[in-house]
Amino acid sequence: MAFQQWCLPFYLEIRLCWKPSKVGSYTQRFEPLVCHDGWTIDSDSEYDSEDESGEEYESAPSSPSSQPSRTSSISRHERRPRSSSLKRFFQVVTRPFIHLFGRGPWSFKEPDRKQGSRSFSARRSDSSGSLTRVYRQLSTMKDFVMHRTTDSRRRGIIEDLQFLVELSIEKVFDAMHKVLHHIISPLETLKLLVKRFLFKEPAQVLETTTTILGNSDPSPTWRQPRSDQPLNTDARTCEDMITDLGYPYEAIRVTTEDGYILLLERIPRRDSRKVLYLQHGLLDSSLGWVSNGAVGSQAFAAYDQGYDVFLGNFRGLASKEHVDKSISSERYWNYTVNEHGTQDIPAMISKLHEMKISELTSLVVVPDKDSSEDEPYKVCAIAHSLGGAAMLMYVVTRRVTGRPHHLSRLVLFSPAGFHKDGPGLFYLLQYLFPAMGPILRRLVPGIYIPTRFLRMLLNKVSRDFQNYPALGGLAQRIFSYCVGGDSSNWIGAFGMSHYNMYDMPGVAYRVAEHLAQMMRCEKFIMFDYGSQSANMEAYGTPFPFDIGKNYGVIDIPVDVVAGTKDRLIPRSMVLRHYETLKRAGVQASYEEFEYAHLDFTFREELIAYVMARLLLVFSKKDTCDTSKLLSVLNKEMNGHQGSLRDRSKKIK
């Protein structure tokens with residue numbers, strides 16, 4: 001008897017979901033069910049249904065007790081959209097367990113005769129709140145693992161194991177089938193052997209022709225067909241993302257003064273005088289600016305608005321690209337944030353300047369190359385996180401040394417530099433890194449995954465996080481707690497294809513140590529080499545050069561953007577950049593969005609704001625009302641779905 005009562009909820013779910021007496025338009029109604037214990041169960045619940053052909057059916061009459069609620073049920077259904085199949089699945093699976101272990105009607109007590117029979121709809125209402133909360137939690141987890149522009153052919157480790165088992169069974173049966181076939185047909189087997197060993201046919205090589213939208217020469221060109229990714233991993237590059245969407249692409253190899261080889265990528269408009277330079281942040285690459293598709297990516301939006309787009313990449317790859325091919329890991333990863341701002345960005349901006357001067361020579365009169373005024377083009381730079389700190393360091397150091405920086409405007413998304421406030425874990429690391437530096441600097445010169453096998457596992461595990469919402473939601477929570485509760489899509493970020501078995505961006509230990517120094521001294525400084533003599537040799541002063549104190553030399557407008565949900569670089573630290581710039585007399589603006597730290601490269605809504613700020617460079621009055629520019633931009637952006645929010649205040 002106890003076993004029958006335990007199975008009753010599952011029995012009812014099957015009866016209610018799969019035994020309709022008739023089907024109503026968008027609603028299924030069921031006849032009342034009578035249990036062996038004397039309970040009368042009236043199914044006054046709603047179930048979405050629609051035939052595969054899309055036909056609608058008339059509603060069925062219900063029991064007298066449920067008839068008064070029919071009108072209200074239909075009206076409720078009309079006021080809300082239809083439930084998805086995933087929601088119905090979770091309702092079916094979780095409802096029996098909630099009834100069993102919650103405070104629902106399934107306590108399996110004998111019904112009180114004085115109260116009479118109780119309808120199933122009344123009992124079901126007790127646990128509907130719990131079911132709604134469970135589904136909302138599952139839906140929230142599902143949102144974290146939705147990845148954009150992903151490769152549907154990728155498989156995770158769990159899927160690989162399932163596929164391996166299925167393939168093994170198939171191979172065994174296929175081998176048995178072939179053995180039996182050859183035993184039964186010996187003559188056919190003999191013919192096959194003779195044909196295979198005596199008459200060999202040459203293999204045919206298939207070639208394809210492709211053309212890319214935007215090329216100056218529209219004729220088809222020969223292109224090597226892309227081979228399938230090994231082990232079902234995703235190793236698509238920024239070039240793949242750009243060319244697959246029909247945009248032109250150009251790759252430029254840039255060598256820094258200290259021998260590092262950088263990749264400067266480009267979506268070229270060679271005759272354009274509007275240039276946009278995009279710089280990524282920590283553990284990121286240029287892929288972040290194009291991975292959100294043709295509509296939601298900042299690089300494609302700028303190109304469609306007539307910009308010549310350049311995408312910079314910092315040093316620090318697992319492949320260790322350097323002029324010295326035999327460079328050791330200790331030597332390769334021996335750099336700080338200083339080198340990002342004084343070596344990497346100057347090399348790429350100088351190459352950009354050289355290329356634009358060469359391309360525009362035949363179109364305009366070129367001024368002196370050493371002058372940053374009245375150049376035949378204007379460069380605006382957008383940088384995120386560590387890239388923002390490096391861009392500020394680049395502009396300040398170039399101005400202090402009297403060299404041109406070739407920039408017209410800076411837009412900084414949650415820039416690094418000031419780190420007084422931050423996640424609790426970072427407070428521990430700011431003391432751990434200097435103390436363990438002499439030892440860890442030799443053992444772990446760079447923070448990255450060193451072997452191809454482990455990088456392949458990371459690629460597959462990230463795919464499992466996306467395929468299984470519960471697993472992905474758990475990992476998302478763990479990552480979020482490690483960085484102080486930041487709600488960024490960490491699972492989507494680690495699932496990006498620049499983390500592949502061939503290569504991945506890493507972080508030098510001294511870069512992490514440099515950020516810890518900034519946090520400990522609460523200043524935006526260059527790297528402290530630990531002794532006055534070493535600092536004297538590097539900066540000419542016994543103390544590290546203070547970038548924040550020299551903001552006054554910046555001669556271009558700077559737009560600073562903060563995220564109210566950012567816990568990695570809180571809004572208070574971004575606001576400190578803005579206040580320091582304003583006190584130094586720099587033309588600066590400040591804006592906030594309801595973003596977490598990684599949302600600045602993932603969200604489409606930011607595109608309209610950025611393009612409006614860039615239009616100020618080419619307007620006659622730099623104090624133009626941003627709301628007017630947003631309205632003009634809304635008309636000009638063809639095909640882009642940037643949502644223009646109402647601003648309560650004008651951007652200063």
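When a residue number appears, it is its place in the shown sequence, counting from 1. What's counted below: heavy atoms across the whole structure, side chains too, no hydrogens, waters or symmetry copies. Just so you know, these numbers come straight off a predicted model, no measurement behind them.
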Got a list of side-chain donor-acceptor pairs under 3.5 Å for residues 261-269, not counting sequence neighbours?
from : atom 1 : to   : atom 2 : distance (Å)
E265 : OE1    : S286 : OG     : 2.4
E265 : OE1    : N313 : ND2    : 3.2
E265 : OE2    : Y249 : OH     : 2.7
R266 : NE     : D308 : OD1    : 3.1
R266 : NE     : D308 : OD2    : 3.4
R266 : NH1    : E250 : OE1    : 3.3
R266 : NH1    : E359 : OE2    : 2.9
R266 : NH2    : D308 : OD2    : 2.5
R266 : NH2    : E359 : OE1    : 2.8
R266 : NH2    : E359 : OE2    : 3.3
R269 : NE     : Y303 : O      : 2.9
R269 : NH2    : Y303 : O      : 3.1

Checklist entry - For the residue pair F600 and Y595, does the interplanar ring angle fall in the parallel (under 30°), tilted (30 to 60°) or perpendicular (over 60°) class? => result perpendicular
Item to check | Check against side chain to side chain donor-acceptor pair (under 3.5 Å), Y551 and H577 | outcome: CA-CA 9 Å; Y551 274 175; H577 278 286; 2.9 Å; yes
Next on the checklist: Under the criterion ring-ring contact (aromatic ring centres under 6.0 Å, His included), I'd like the reasoning laid out for W289 against F300: C-alpha separation, chi angles, the key distance, then a yes or no.
Outcome noted: CA-CA 8 Å; W289 300 109; F300 295 135; over 10 Å; no
Checklist entry - Nearest heavy-atom pair of I607 and A301: which atoms, and what distance? => result CG2-CB, 3.5 Å
Item to check | H405 (side chain) donor-acceptor with I554 (main chain) under 3.5 angstrom | outcome: no
Checklist entry - V617 and S408: which non-hydrogen atoms are nearest, and at how many Å? => result CG1-CB, 3.9 Å
Checklist entry - Cation over ring, R315 on Y335, under 6.0 Å and within 45°? => result yes
Which pairs would a plain distance check flag for residues 423-430, meaning a side-chain donor or acceptor within less than 3.5 Å of a matching protein atom at least two apart in sequence or in another chain?
from : atom 1 : to   : atom 2 : distance (Å)
Y427 : OH     : K420 : O      : 2.8
Q430 : OE1    : R520 : N      : 3.3
Q430 : NE2    : Y427 : O      : 3.3

Checklist entry - Which pair of non-hydrogen atoms, one from K274 and one from Q305, has the smallest distance, and what is that distance? => result NZ-O, 2.9 Å
Item to check | Polar side-chain atom of D284 near backbone of G281 as donor-acceptor pair, under 3.5 Å | outcome: no
Checklist entry - Do M241 and Y247 come close enough that some side-chain heavy atom pair is under 4.5 Å? => result no
Checklist entry - For the side chain of S297 and the backbone of A299, is there at least one donor-acceptor N/O pair under 3.5 Å apart? => result no
Next on the checklist: I'd like to know whether F527 forms a ring-ring contact (aromatic ring centres under 6.0 Å, His included) with Y529, so could you lay out the CA-CA distance, the side-chain angles of the two residues, the decisive distance to 0.1 Å, and finally the verdict.
Outcome noted: CA-CA 6 Å; F527 187 74; Y529 289 96; 5.1 Å; yes
Checklist entry - Can you tell me if S385 uses its side chain to pair, donor with acceptor, with the backbone of G387 under 3.5 Å? => result no
Checklist entry - Does E330 offer a backbone N or O that forms a donor-acceptor pair with the side chain of N334 under 3.5 Å? => result no
Checklist entry - Can a salt bridge be assigned to the pair R253 and E321 using a cut-off of 4.0 Å between side-chain N and carboxylate O? => result yes
Next on the checklist: Checking H340 against Y394 for the ring-ring contact (aromatic ring centres under 6.0 Å, His included) test, could you report, in this order, the C-alpha distance in whole Å, the side-chain angles of both residues, the deciding distance, and whether it holds?
Outcome noted: CA-CA 8 Å; H340 287 324; Y394 163 71; over 10 Å; no
Item to check | Aromatic plane relationship, Y260 with Y332 - under 30° parallel, 30 to 60° tilted, over 60° perpendicular | outcome: tilted
Item to check | Non-hydrogen atoms of L360 and R270 that approach each other most closely | outcome: CD2-O, 3.8 Å
Checklist entry - Given F494 and F465, is the ring-ring contact (aromatic ring centres under 6.0 Å, His included) satisfied, shown in steps? => result CA-CA 10 Å; F494 282 102; F465 288 156; 9.1 Å; no
Checklist outcome for this item: Hits for side-chain hydrogen bond (donor to acceptor under 3.5 Å, both in side chains) against R331, two or more places apart or cross-chain, chain-then-number order -> D324
Item to check | Test log, rule side chain to side chain donor-acceptor pair (under 3.5 Å), inputs E537 and Y539 | outcome: CA-CA 6 Å; E537 183 180 355; Y539 312 118; over 6 Å; no
Item to check | Criterion side chain to side chain donor-acceptor pair (under 3.5 Å) on S480 and D486, from CA distance to verdict | outcome: CA-CA 5 Å; S480 179; D486 189 272; over 6 Å; no
Item to check | side chain to side chain donor-acceptor pair (under 3.5 Å) between T601 and H384, worked out | outcome: CA-CA 8 Å; T601 57; H384 176 239; 5.2 Å; no
